[in-house]
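Step one of this worksheet: look at the structure below.
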Amino acid sequence: MAMAMAASKLLFFFCPIFIYLLVLSIAQADPLYHFCSKTGNFTNSSDYKSNLNNLLSSFSSNTKIDYGFYNDSYGQNNDKVTAISLCRGDKKPETCRSCITNSSQVLTQLCPNQKEAYIWYDDCMLRYSNRFIVGSMEFGPHFWMYNVNNVTDEKEFYEKLNVLLGNLTNLAALGDSRRKFATGNATTENSQQKMYALVQCTPDLTRQQCSDCLNQAIKLIPTCCSKSQGGRVVSPSCHFRYEKDPFYELVTTTPPPSPAPLSVLPPPPQATPAPLSVLPPPPQATADAVPPRASTAAKIAKTSAIVQTTIANVLPILLLLWSLQHV
């Protein structure tokens, strides 16, 4: 009788926790963007599908990697899968693994039979392909977002941003095979506008590849983020973001002296922000979003994956408590 009462109290205690975890999981952020390539398909009964599942599972369960970069291949010949996952450099290992797990579940539902697919969240990126993609600088597909609020002194802001991103690009490119990541901030002299920036490359790139990728992204600022207080350009191999307020965890990075300025020019006076909509991606799959809303299919896939994971983790506990209560 005492055991049954104790089990009943525990069941009463765990039920609200289960409901809280379920609601919290569903409330997680939607993907920033995803892309299903049309380069090839596979079937659910194929070796490629099995290899993909094994590879993605090995990423999310790997607790030895604490620097946020995963890359590996699985399988042979035409059924060989290569995957890369990169977490933002300021994220903790547990946050990183959680993002990779969620990305794997959502992406394989959004792109259920495509051999090559991509997905981006704020905390991480995941991509896989039947091509060998490690060590290759790839800028497409890419997308951008921008802050709808404008700067007060456009010319001064972009001149200071140019120097800041130049510093951070140099610093990130000097990173090693585990991390190519840098953050920093600056303030304009006259208008006292603050800016915070983050740049990152996948660390399998060489120093030159990282610099080339970030330079290509930064040159899109006049196109993507005209007059904006914040913006980002994201590609498979690199990304940058800047905002007027802090948006990253504090990290110890010091820009190197005498940075080489990048060719980021202030946008022309007549330039205006792009419409607040998601544009159909061209052949290179460039999307313009502020930020893009997840499609209904994406939300359903994400919610389904999260609910399944939450139930799988908590249900055994509830069943155990139920059995103790009926002893």
Side-chain angles (χ1 to χ4, degrees), residues 14 17-37 42 44 48-75 81-129 133-134 178-179 181 200 202-204 234 236 239 248-249 291 294-295 297-318:
F14 274 104
I17 295 178
F18 172 75
I19 296 172
Y20 170 76
L21 290 174
L22 184 62
V23 173
L24 182 63
S25 299
I26 294 175
Q28 289 179 355
D30 292 318
L32 299 177
Y33 186 66
H34 79 277
F35 180 73
C36 305
S37 176
F42 61 86
N44 288 332
Y48 191 92
K49 171 70 171 179
S50 177
N51 293 337
L52 175 61
N53 290 341
N54 288 329
L55 183 56
L56 296 181
S57 176
S58 72
F59 278 13
S60 56
S61 62
N62 188 333
T63 58
K64 294 181 180 180
I65 294 179
D66 60 359
Y67 47 87
F69 178 60
Y70 300 77
N71 72 92
D72 205 352
S73 298
Y74 200 98
V81 189
T82 300
I84 290 177
S85 188
L86 177 69
C87 291
R88 216 172 74 183
D90 59 331
K91 295 302 175 180
K92 296 180 179 179
E94 54 270 24
T95 303
C96 175
R97 286 191 290 271
S98 175
C99 185
I100 293 173
T101 299
N102 184 55
S103 298
S104 301
Q105 294 168 343
V106 174
L107 184 57
T108 51
Q109 294 188 50
L110 292 174
C111 307
N113 62 352
Q114 283 79 19
K115 287 188 174 183
E116 185 169 323
Y118 309 73
I119 193 167
W120 288 270
Y121 285 86
D122 254 335
D123 291 347
C124 72
M125 173 275 292
L126 172 68
R127 57 183 294 215
Y128 52 81
S129 177
I133 54 179
V134 178
R178 296 179 301 170
R179 182 172 297 173
F181 172 80
Q200 186 172 20
T202 57
D204 58 318
V234 185
H239 64 95
Y248 50 79
E249 301 294 330
S295 64
K299 292 182 178 179
I300 293 174
K302 171 178 173 291
T303 303
S304 174
I306 292 173
V307 170
Q308 291 175 18
T309 301
T310 306
I311 291 176
N313 291 335
V314 180
L315 188 57
I317 299 175
L318 297 179

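The figures here come from the full heavy-atom set of this structure, side chains too, leaving out hydrogens, waters and symmetry mates. None of the values given here were measured: they were computed from a predicted structure.
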Query raised in the report: Under a 4.5 Å cut-off applied to non-hydrogen side-chain atoms, are Leu126 and Leu56 in contact?
Result: yes
Report task. For residues Pro203 and Leu86, determine if any side-chain heavy atom of one lies less than 4.5 Å from a side-chain heavy atom of the other. Result -> yes
Which heavy atom in [X] sits nearest to a heavy atom in [Y], and how many Å separate them?
X	Y	answer
Asp204	Phe69	OD1-CZ, 3.7 Å
Pro112	Asn44	O-OD1, 4.4 Å
Arg88	Phe181	CG-CE1, 4.4 Å
Ser73	Thr82	OG-OG1, 2.8 Å
Thr63	Arg97	CA-NH1, 3.8 Å
Val106	Pro31	CG1-CG, 4.4 Å

**Report entry** For Tyr48, all residues meeting ring pair (Phe, Tyr, Trp, His ring centres under 6.0 Å), sequence neighbours excluded
**Finding:** Phe42
Requested in this report: Report the residues that fulfil ring pair (Phe, Tyr, Trp, His ring centres under 6.0 Å) with Phe59, sequence neighbours left out, ordered by chain and then residue number.
Outcome: Tyr70
**Report entry** Cystine candidate Cys124-Cys99, SG separation under 2.5 Å
**Finding:** yes
Requested in this report: Only pairs at least two apart or in different chains count here, so list each salt bridge (charged side-chain N to carboxylate O under 4.0 Å, His left out) that has a residue in residues 101-120.
Outcome: Glu116-Arg131
Requested in this report: Could you name each residue pair satisfying salt bridge (charged side-chain N to carboxylate O under 4.0 Å, His left out) that touches residues 104-113, not counting sequence neighbours?
Outcome: none
When you measure from the side chain of [X] to the backbone N and O of [Y], does any donor-acceptor pair fall under 3.5 Å?
X	Y	result
Ser61	Ser57	yes
Ser37	Ala117	no
Ser98	Glu94	no
Asn62	Ser58	no

Roughly how far, to the nearest 0.5 Å, is the [atom2] atom of [Y] from the [atom1] atom of [X]?
X	Y	atom1	atom2	answer
Cys87	Arg179	SG	CZ	10.0 Å
Ile119	Tyr128	CD1	OH	9.0 Å
Ile84	Ile133	CD1	CD1	4.0 Å
Leu52	Ser104	CG	OG	8.5 Å
Asp122	Leu32	CG	CG	5.0 Å
Tyr118	His34	OH	NE2	13.0 Å

Report summary line: Contacts of Lys49 meeting side chain to side chain donor-acceptor pair (under 3.5 Å) (sequence neighbours excluded), chain-then-number -> none
Requested in this report: Could you pull out all residues at least two apart from Asn51 that satisfy side chain to side chain donor-acceptor pair (under 3.5 Å)?
Outcome: none
